[in-house]
Amino acid sequence: MSILEELHWRGAVNQQTDEDGLKELIAEKEIALYCGVDPTGDSMHIGHLIPFMILKRFQLAGHKPVILIGGATGSIGDPSGRTSERTLQTMEQINQNAEKLKVQMKKLFNAGEGEAIRLVNNHDWLKDLSLIDFLREYGKEFNINTMLAKDVVASRLDSGISFTEFTYQIIQSIDFLHLYQQEDVQLQIGGADQWGNITAGLDLIRKKEGPQAKAFGLTIPLLLKADGTKFGKSAEGGVWLDPEKTSPYEFYQFWLNQDDRDVIKYLKYFTFLSQAEIEALEEKVATEPHKREAQRTLAQEMTRFVHSQAALDEAELISQALFSGNIQELTADQIEQGFQHVPSSTAPREERNLVEFLVDVTKIEPSRRQAREDIKNGAIRIKGTQIKDVDHIVSAADSFDDRFIIVKKGKKKYFLVQLEG
RNA sequence: GGAGGGAUAGCGAAGUGGUCAAACGCAGCGGACUGUAAAUCCGUUCCUUCGGGUUCGUAGGUUCAAAUCCUACUCCCUCCA
């Protein structure tokens, strides 16, 4: 199965330019290709991951991927997928973010065996481009009518778009041209909302390099959940790759809890499992869904890839203890080792009313009213024991060795409270 | 510049002097069922020391009583120029 056939099987192709041409090119040589991300935040979330997983697949198929960090484009603001103007971030902020993303990318794609994926930052070649050069060299190649017709721009014409964001497609086009010329990059991939930017780049390459220039674009479909909502948001917000923002335990739990209807789609999209392995899991979902083997495999693959085998082991240990073991049998040492990455807080080592403990000390509950309601409903468990008494006093007896308190709220939310002082 | 319409809890949207802490839907939270799934059902969602306190764009005013009436201001939409 060729890489393109594989991508189709994985459901990872939305649109592509000159399908046959790209097929031919890939058949005859190893190509270089790229995908970019703008440093608008200090960490990627799982939605960002998709196109880079595809870069990785190309690499495994023998091609040469380039990851672009958009230090320059990030300072302009991509209007794609937005209904309103972005607020500009400071250059310091963007540089800091770019640095963090670089570290994250290296950890994900340059670790372990095999050739490293090349990392570039478009700030390097765009920072010294003068306004006059920009206008004479590139601006002349862009027709305003074409630019206005791009979906991203057209949809913003009513609500307004600044010249800065309007110009974004030119900047991204320069990137593609630059990489085509300097790194022999012939393919750009991106999310479905990048189609306009990618084709703008192709137009620029053709104008500068002649109509015979071989460059292609491929976009990935927007990933939706079975219920029609956007993929990648948990109840608490986005699912981040940074373990400080989303702990490996929470990350593992996110994947483990996926809907039966979605899990195979995600296995295809996110993991490097083979067609045979995924089809076997698909069979399992159909015949013995209660075992949730597909979800477990997905959670394992993703946690191992994004974090590490050690993080996965820990996440599974915690999950095991919390959901199928007897919490009371754990020792304080086991908790210390294994539970550091459950959402946690600290509290002084003193006796306290349960409501105050939940609201004031640990912030597990947002208000006294809510805390009382949950306690009365039997939603609160401490050390595995349901507590329905609003006047309960939290004391050493509720802790593990006077060091940790484990609170469960609802069916599956756990909190670790470390006692100190 | 002129004429209208609008701003209500996280979002959408009722309400046009007391019975309004404010219908209803979505989202959220909790519970039941279950497989840490989906669907469904039930409860609940401003705060509270449970006495009460503070809310309906902002600031004033009328009234025993205002989300509801009046005045000014801010922002948004439609039409005319």
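Labels below follow one simple rule: chain letters A, B, ... track the order of the sequence lines, proteins then strands, and each chain is numbered from 1. Predicted model, so just to flag it, every value in this text is computed and none were measured.
Across all strands shown, B:U54 remains unpaired; no Watson-Crick or G-U wobble contact has both distances below 3.5 Å. Summarising the base pairing, B:C41 is matched to B:G31 through a Watson-Crick or G-U wobble pair whose two defining distances lie under 3.5 Å. Base pairing of B:U62 is not made with any nucleotide, judged by Watson-Crick or G-U wobble geometry with both donor-acceptor distances under 3.5 Å. Base pairing of B:U74: its partner is B:A7, meeting the Watson-Crick or G-U wobble criterion (both donor-acceptor distances under 3.5 Å). Nucleotide B:G17 has no partner under the Watson-Crick or G-U criteria, as no pair reaches both atom distances under 3.5 Å.
The CD1-P distance, from A:Ile375 to B:C29, rounds to 18 Å in whole Å. B:G35 atom C1' lies 15 Å from atom CZ of A:Arg261, rounded to whole Å. Spacing between atom NZ of A:Lys291 and atom C1' of B:U36 amounts to 17 Å, rounded to whole angstrom units. In this structure, A:Asn257 places its CG atom 15 Å from P of B:G35, rounding to the nearest Å. Rounding to whole angstrom units, CZ of residue A:Arg381 and P of B:G30 are separated by 13 Å. Atom CD in A:Gln253 sits about 10 Å away from atom P in B:A37, given to the nearest Å. If you measure from atom CG of A:Asp227 to atom C1' of B:A39, you get 12 Å, rounded to the nearest angstrom. Taking atom CD of residue A:Glu365 and atom P of nucleotide B:G28, one finds them 17 Å apart after rounding to whole Å.
Of the two residues near RNA chain B, A:Asp374 and A:Pro289, the one whose nearest nucleotide lies more 5' is A:Asp374. Across the interface with RNA chain B, nearest-nucleotide mapping of A:Gln295 and A:Asn377 shows A:Asn377 to be the residue nearer the 5′ end.
The phosphate of B:U48 has OP1 or OP2 within less than 4.0 Å of a side-chain N or O from A:Ser367. Listed pair A:Lys412 / B:A37 meets the phosphate criterion, a side-chain N or O lying under 4.0 Å from OP1 or OP2. Taking 4.0 angstrom as the limit, A:Lys413 places a side-chain polar atom (N or O) nearer than this to OP1 or OP2 of B:G30.
For B:G51, the glycosidic angle deviates from 0 by 90° or less, giving a syn base.
The base of B:G35 sits with one of its N or O atoms less than 3.5 Å from a complementary donor or acceptor on the side chain of A:Asp260.
Among B:G35, B:C29, B:U36, the nucleotide with an atom closest to any side-chain atom of A:Phe323 is B:U36. Taking the side chain of A:Leu256 as heavy atoms from C-beta on, and the options B:C47, B:U36, B:C50, the nearest nucleotide is B:U36. For A:Arg369, taking side-chain heavy atoms from C-beta onward, the closest of the listed nucleotides B:C47, B:U36, B:C29 is B:C47. Minimum atom distance to the side chain of A:Lys411 is reached by B:U34, of the listed B:U36, B:U34, B:A38.
Note: A:Trp240 and A:His45 have perpendicular aromatic rings, judged against thresholds of 30 and 60 degrees for the angle between ring planes.
By the 4.0 Å N-to-carboxylate-O rule, A:Lys140 lies too far from A:Glu137 to be salt-bridged with it. Using a cut-off of 4.0 Å between Lys/Arg side-chain N and Asp/Glu carboxylate O, A:Glu141 and A:Lys207 are scored as not salt-bridged. A salt bridge links A:Arg368 to A:Asp360: one of the charged nitrogens lies within less than 4.0 Å of a carboxylate oxygen.
Comparing the P positions of B:C26 and B:U71 gives a spacing of 39 Å, expressed to the nearest Å. Spacing of C1' atoms, B:C24 relative to B:C33, comes out at 27 Å, to the nearest Å. Rounded to whole Å, the separation between the P atoms of B:C42 and B:C50 comes to 33 Å. Taking atom C1' in both B:A81 and B:C75, one finds a spacing of 23 Å when rounded to whole Å. A gap of 14 Å separates the C1' atoms of B:C73 and B:A7, to the nearest Å. One C1' atom belongs to B:U54, the other to B:C46, and the distance between them is 8 Å to the nearest Å. B:U8 and B:U40 are spaced 30 Å apart, taking the P atom of each and rounding to whole Å. Across the C1' atoms, B:C11 and B:A27 are found 7 Å apart, a figure rounded to whole Å.
For A:Asp78 and A:Gln194, the side-chain atoms include at least one donor-acceptor pair closer than 3.5 Å. At a cut-off of 3.5 Å, with distance as the only test, a side-chain donor of A:Asp313 or A:Gln309 sits close to an acceptor on the other residue.
Within 4.0 Å (heavy atoms only), A:Ser324 reaches no atom of the nucleic acid at all. Among the protein residues, A:Arg372 comes within range of the nucleic acid bases, having at least one heavy atom under 4.0 Å from a base atom. Residue A:Arg368 is classed as a sugar-phosphate contact, given heavy-atom separations below 4.0 Å to backbone atoms only.
Partner of A:Trp255 under the ring pair (Phe, Tyr, Trp, His ring centres under 6.0 Å) criterion, chosen from A:Phe270, A:Tyr249, A:Phe305: A:Phe270.
Under a 3.5 Å cut-off, the side chain of A:Gln104 and the backbone N or O of A:Met44 do form a donor-acceptor pair.
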